[in-house]
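Chain A is the first sequence line, chain B the second, and so forth, proteins listed ahead of strands; every chain is numbered from 1. Reckoned from all heavy atoms, side chains included, excluding hydrogens, waters and symmetry mates.
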Amino acid sequence: MSFVALSLPTFLVGIAALAGVLFALHRLKVRHREVEVVTTLFWRQALEETRARVLVERFRHPWIYALLLAISALLWLAVARPRFDSWNERATEHVLWIDGSAAMARGTRFQDALAAARQRASELPSGRRRIVLATSRLETLLAPGEDLPTFDLRISGVAPEPVPSTTARHALEFARGPRSADGALAIEVFSTLPIDAHVVEALPKEVRLVAGEWGRATNRDEQGNAGVVQLGLSEPISGAFDAVDVFVEVFGASEPPALTLDGAALVPSERGESTNGTKWFVCRDVLARGGTLEARLPDADGSPFDDVASVVLPNRSPIRVQVGEGVPDSLVAAMRADRAVEIVTELPDLLVRRSNGAESTSVPTLEVAQPAAGTPAFVVRHVVIEDPERTIREAFDGLGLRDVDAVDLAERTKSPIEFELQQAAQRGFAIRADLLDERYDLIQSPAFPRLIARTLRWLANSEAIVPRAAAGDVAMQDRFPASAGDALLDPVGGAMHLPRAGVFVRGDGKVLRAALLDLASTSAATVRAGSGERIESDPEIDLRPWIAVLAFLLLALEWWLVRTERAP
Amino acid sequence: MSSSTIGFLAPLWLTAALLVPLVVLGIRSRSSRRVPLLEAIRAFVLLLIVIGLARPYFVGADSREVAIFVVDLSKSVDSVARERALAVLRQARRELPESVVASCISLGMRIPNDLGFERAEQWIDETGRSSLATALAAAGTAIPRLARGSVTLVTDGRATDRRYGDALIALEERGIPVHVLELGSAPVAPHAASIAVDRELRVGVESEFEVEVVGTPGEATIELRTGDQTIGKSTVALGDDREVVRFRYEPIAPGFLPVQAIVGDRMFSRTFAVQDPLRALYIGDRIQGGRDGFSALVGSGIGFDALASGAATEGAPRVDLERYDLVVIDDAPAERFAEPLASALRQAVTERGLGLFVSGGEAAFGAGGWSESAIAGILPVDARQSEEKRDPSTTLVIIIDTSGSMGGERIQLAKEVARLAMSRLLPHDKVGIVEFYGAKRWAAPIQPASNTIDLSRAINRMDAGGGTVIMPAIEEAYYGMQNVQTRYKHVLVLTDGGVESGSFEPLLRRMAEEGINVSTVLIGPEAHSEFLVDIANWGKGRFYSVPDRFNLPEVLFKQPTSSRLPAYRPGSFALRTRGGTGWWGEVDPTTAPPIGGYAETVARPGAEVLIEIEESHAPLLATWNHGLGRVTAFTSEPNGAGTRSWKEWAGHGPLLARVLERTALDRRSPYAFDLERHGVEIELTARRRFATSDLPRAQWIDEEGQPIADLAFEQQADGYFVARRIVSPERSVRVVASTSASDPPRVLRVLDPFSDERAEDSVTTTGSLDLAAVARATGGDRLTFEQLATETPRSGGPSSARRVRDLSSVAFLTALLLYLFEIFHRRRDRSARGVA
């Protein structure tokens, strides 16, 4: 047992003090003065006016003392708020889970969920209940032991977010996360979205997850809803480097959304209908120059989150390459075969040249290095090298060096094939000239055009086409293309989910627009009144009311004893 | 709710207040009298108890802060650092002011009870995992919404997963700083941390396992096994904390291959998907049982289907090339192929990346007529070299009418025509010139056409004069040609048409029968001469009309023809080999025996010649990329007379298998499937590689191959599909992916349990959580042990936090104090009790 309001030592000291004080009071002896009165009529008045003298007398009436001590101790116990930890540890912990995703933004769903959770919380033991809100993150609205008015304070300003339901992910992580006790965990979810059966399967055996019980219907005054449920980009079928194909899918709307690229209208060239009732549209060869493409449905409806979706297109301008003197034909041919490359004579993005010393340039360079003793086969130059091992690994995978048959090259050239990482003022890549000799395998191999194509894109910092940016999607970071300071929202690397629909700025300064794009949120039906399930709670032994009532009764008893002169 | 509010949590108890006057005023003996003060005190005491039962609360400003300490006590942390961290935490807890509500989340083990935290949670995983991401997420959740707080992370940064982004973003958005204290890591004995492959495993294709060994510097022996079979053993000297050891392996059956890397007493396991063998279409029915022989030669890595007899002919049903990774044309003549199939092959190679292997001897390449096929252009060798265009030798006798009627412009025109006719001849042709002017004369006897100077002089000397008697001139030409050996013989008569009539027909017909043709040219403005036409007809030649110098005819008297050289060269030919291990693998190129025959070709520019005939430098094995595909030519029979000398050579089959495998398309499926695990979710993506109307399909199967569930794809972009599903991280996931096509190629994918995590003592320094970056991103501090022990963690979050204070304890305490006062009061004065 422990105490909520007091520490155990404090409680014990208090009990001891009470016993002592009461003991002292119990030994007070009341001695009366003799007062003469002229008539018995003044007896009562004389009694009342006579002051008793306080002296120590012998300890008498131990049962009275025990009663007084019991009353005082009960009151002190009520002050301390006793708690039975050992019993609580085995009891079921209840988590009332409020879905704060986009599906809850329609009508009064979210307010109803808050109310239903509060109502349910009032029926649960305060020490074993918790209310959480699952939006892009999981937040506690009411911690175990906290009182319901705290919940009222914490829901101030709370609202659903434009994010697909995170309940499955968060609930599993929560259920599998740190625990303070070994008891069962009961999660009641207040959401209009159904519980994913796979989530229930994946839960630990001591955890139950059910749809919470809604006390009232939530379909009041709800409008129908239409929304953009997909907006994706892909490499164009035409093969053009500086364009993307755009795929848009809508739910609940018969017409295509208004598509604009930086305000200019786009017209879909293909359209169709999916088996799930959605309609899709495709725009081919949309110029990819970093513009913002927006898909907007005409009418406002039940949910504002899915009426518009936008995406920032990659900037895929052709790479302007200036070729210097003496660059091998094989290299030039590989560049000419690349649709992304435009050979220019001025204002280049990149320079391809034979290395001629240490002279620096204002643009990244691809150099053909003169073979000499100690010249590495390949050199990658970075502006910032935070983690050499990772950078090397990324160079192998990102530039395609892994595909080069280094053993074969070494055998043929009779020289080691070494790779070197250098720090420089500009990005750069160097390849030893003799490797481009047609006697060797490299320029004939499929790895060669791939190596050159990827290197040019990396040097020019060309953007890859990311199929879509949607709230809740795992945003895998392709750290290599941007080298340093390129963390996508997450400053420490690793995978993460895009928190919600909106505009984000990446570490490298580029803007990222994430849209909702979730069919479940857009099409989510209302929940039926009275549906759901309640998980029975273990009875709570809250002693304080009983302690207080007992104290009250004992006080009444003691009052009776005093008033009937049965007690001193 | 207003800024300061008072209320009751259990207001129903307030009804008990009605009992208070009943008790206070109703209980007394008949003799006792009213004691207002005592009664008032007692009433207050009872009322306070009732109020306490009704649980009053007060809402006001909250000065409290929530401090969450996340303490990594997992086994990767150095034990000394761990003990020190616990000691410092104990001190830190003692030093924290009352206004700080401190909780602790420990990883790996339970923290001692005496640390004194309000709430202590622990995350202890039986498998030894310690997820800092999970702990940070729990810390964020433990700080209630709108509360101020801080997180103090005490760890070595070695986390079993890297999913901490979400938790850190959430803390950063809430303004809650994460302070960090870095602990040292415990030394770890060398062990295998991961196993990867350099390429997708496929039956019959050798791949390389890459075993990552981590641990303290020293020597370690790694054994790689699959089941009871040892793939390899290797000893490595760990210089740094990480080393990669490679083992070659060739799977023999498709499916899922469990692999174990054993270092010392620790074992690391991983399951790999082994793809089905390559599917090849064999075309080559010239050799009986050719497919089976070919298949036996290259082994199990490639499954061959033979093209049905007649399937390649015109009008046959379309061959579904999309089912195949490779097409092998083995010593098959081009004439067996209908143009649609050849074009489809070319298109599949160029646009889909289909591999094409063309081999053979007497019926292949030039001899097989492939040079005129649609496939010829994509071969790495030029088969046209085996054909020779022949310009047949010709003897031309020009009979020029130099009679008087040809005077002036006409004789000049005749000379022009004669010169033009001679210019069409090649040096090996012969020319003679006969003039007739009432008599006939050889202006130039029959001689090689290369004697252009003499012939020109002969023509220049001619002048018009005399009669027109043509018959003797033709006879002269006829007799002059009798002893000439050329393929064609031709007589060209240039005249203005005013010639004598006679019995030309028998002579001319005889000449024609003997292969001497006679053509006539009418010089002058007359457009037509029936007689000259007849002469041309009888002589099986042609009639031309030359009215002026601007209408000189293109005189045709021979047709070039082509004939095939004997392209196949039997014999014994020594070889010169090229190419690296990529093509040869374990086969030693220097051991290749001489070849028994080959079809002579020339390597095209850009083609890589792996084997050539030493003597002629003709390619025997050449390859190149064409479009998205690769085409390889082997100019002998892989399984016939040409390679009979290779039968005993151990490298024959392996080389051929390797060449076929490298030639074949390794991405037959129109979709690239990628399976990933993100914690509790798996994600299968299908990215379209080339145009197809088929949709991706996928099924989750169990270890026996029985279906568990279909994975439903949603299209997110044109040609980009994603299927997601919640799956417990403890479960392995095996997926068979394919398309909606009939008999589609299947792709296997597998995820082991916790496949996106690694044991924390396998986390290298560079793979650890960057604690400095965490502090920097969230506005936290990097702490020392002393700072942790003595300083209150700086909090963040909303500045106007409010809290609900429970006043029931205050009510009970007040009741107690009043009660004590009442006792004192009573004991002090007997009359106070109302006792007489």
Q. What residue, out of G14(A), P545(A), S72(A), has the most heavy-atom pairs lying under 4.5 Å from chain B?
A. S72(A)
**Q.** Shortest non-hydrogen contact from A175(A) toward L203(A)
**A.** CB-CD2, 3.8 Å
Q: Flag the one option from V20(B), I143(B), T141(B) with the top tally of heavy-atom pairs under 4.5 Å to chain A.
A: T141(B)
Q | Contact winner vs chain B - L18(A), D245(A), D147(A), L142(A), heavy-atom pairs under 4.5 Å | A | D147(A)
Q: Under 4.5 Å heavy-atom distance to chain B, tell me which part of L133(A) shows up: side chain, backbone, both or neither.
A: neither
Q: Select one option (side chain, backbone, both, neither) describing which atoms of V727(B) are under 4.5 Å from chain A's heavy atoms.
A: backbone
Q: Check each atom of E235(A) against the heavy atoms of chain B and say whether the ones under 4.5 Å are side chain, backbone, both or neither.
A: neither
(Q) What I'd like to find out is whether the side chain of L75(A) reaches to under 4.5 Å of the side chain of I49(B), using heavy atoms alone. (A) yes
Q) Is it the side chain or the backbone of L107(B) that comes within 4.5 Å of chain A heavy atoms, both, or neither? A) neither
Q.
Quick check on A137(B) against chain A: is it the side chain, the backbone, both or neither that has a heavy atom closer than 4.5 Å?
A. neither
Q.
Please rank S136(A), P467(A), S156(A), G157(A) by heavy-atom pairs under 4.5 Å with chain B and give me the top one.
A. P467(A)
Q) Where do R174(B) and E139(A) land on the salt bridge (Lys or Arg N to Asp or Glu O under 4.0 Å) test, with the steps shown first? A) CA-CA 10 Å; R174(B) 294 174 65 187; E139(A) 287 185 292; 3.6 Å; yes
Q) Any Lys/Arg nitrogen of R137(A) or D166(B) sitting under 4.0 Å from an Asp/Glu carboxylate oxygen of the other? A) no
**Q.** chain B interface, residue from L148(A), I71(A), V132(A) that has the most non-hydrogen pairs under 4.5 Å
**A.** I71(A)
Q | Part of L22(A) within contact of chain B (heavy atom distance under 4.5 Å) | A | side chain
Q: Pick whichever of I726(B), D806(B), D198(B) has the most heavy-atom pairs under 4.5 Å with chain A.
A: I726(B)
Q.
Given heavy-atom pairs under 4.5 angstrom as the criterion, report whether the side chain, backbone, both or neither of P144(A) touches chain B.
A. side chain
**Q.** N-O pairing of R677(B) and D161(B) below 4.0 Å
**A.** no
Q | Side chain, backbone, both or neither of R688(B) within contact of chain A (heavy atoms, under 4.5 Å) | A | side chain
**Q.** Atom pair CG (L38(B)) and CD1 (I823(B)), whose distance is rounded to the nearest 0.5 Å
**A.** 10.5 Å
Q) Under a 4.5 Å heavy-atom cut-off, does chain B meet the side chain of R130(A), its backbone, both or neither? A) side chain
Q. Taking C-beta and beyond as the side chain, do Y164(B) and R162(B) meet within less than 4.5 Å on heavy atoms?
A. yes
Q | Contacting region of V810(B) [heavy-atom separation from chain A under 4.5 Å] | A | neither
(Q) Looking at R42(B) and E822(B), is any side-chain nitrogen of the basic one under 4.0 Å from a carboxylate oxygen of the acidic one? (A) yes
**Q.** Part of I105(B) within contact of chain A (heavy atom distance under 4.5 Å)
**A.** side chain
(Q) Counting only non-hydrogen atoms closer than 4.5 Å, does I237(A) touch chain B with its backbone (N, CA, C, O), its side chain (CB onward), both, or neither? (A) side chain
Q: Please work out which of the three classes, parallel, tilted or perpendicular, describes the rings of H825(B) and F821(B), given edges at 30° and 60°.
A: parallel
Q. Less than 4.5 Å apart, any side-chain heavy atom of L233(A) and any of F247(A)?
A. no
Q: Sort E714(B) into side chain, backbone, both or neither according to what part of it lies under 4.5 angstrom from a heavy atom of chain A.
A: side chain
Q. Any side-chain heavy atom of E676(B) within less than 4.5 Å of one from V474(A)?
A. no
(Q) Is R725(B) close to chain A through its backbone or its side chain, or both, or neither, when contacts mean heavy atoms under 4.5 Å? (A) side chain
Q) Can you tell me how far CD of E201(A) sits from CG of D196(A), rounded to the nearest 0.5 angstrom? A) 8.5 Å
Q. If you tally heavy-atom pairs under 4.5 Å against chain A, which of S808(B), A16(B), A811(B) wins?
A. S808(B)
(Q) What part of R468(A) gets within 4.5 angstrom of chain B, counting heavy atoms only: side chain, backbone, both, or neither? (A) side chain
(Q) Checking F8(B) now: which residues fulfil ring-ring contact (aromatic ring centres under 6.0 Å, His included) with it, not counting sequence neighbours? (A) none
Q) With the threshold set at 4.0 Å, does a side-chain nitrogen-carboxylate oxygen contact exist between R163(B) and E173(A)? A) no
(Q) Report which part of L816(B) has an atom under 4.5 Å of a heavy atom belonging to chain A: side chain, backbone, both, or neither. (A) both
Q. Relative to chain B, which segment of V158(A) carries a heavy atom at a distance below 4.5 Å: side chain, backbone, both, or neither?
A. both
Q) Relative to chain A, which of G26(B), A815(B), S131(B), P729(B) shows the most heavy atom pairs under 4.5 Å? A) P729(B)
Q: Against chain A, label W13(B) side chain, backbone, both or neither, depending on which of its atoms sit under 4.5 Å from a heavy atom there.
A: side chain
Q.
Under a 4.5 Å cutoff for heavy-atom pairs, which residue among V199(A), L68(A), V21(A) has the most contacts with chain B?
A. L68(A)
Q) Between atom CD of E681(B) and atom OG of S728(B), what is the distance when rounded to the nearest 0.5 Å? A) 13.5 Å
Q | Winner by heavy-atom pair count (cut-off under 4.5 Å) against chain A, out of D718(B), L146(B), V23(B) | A | D718(B)
Q) Once you round to the nearest 0.5 Å, how far does CG of L53(B) lie from CZ of F552(A)? A) 9.0 Å
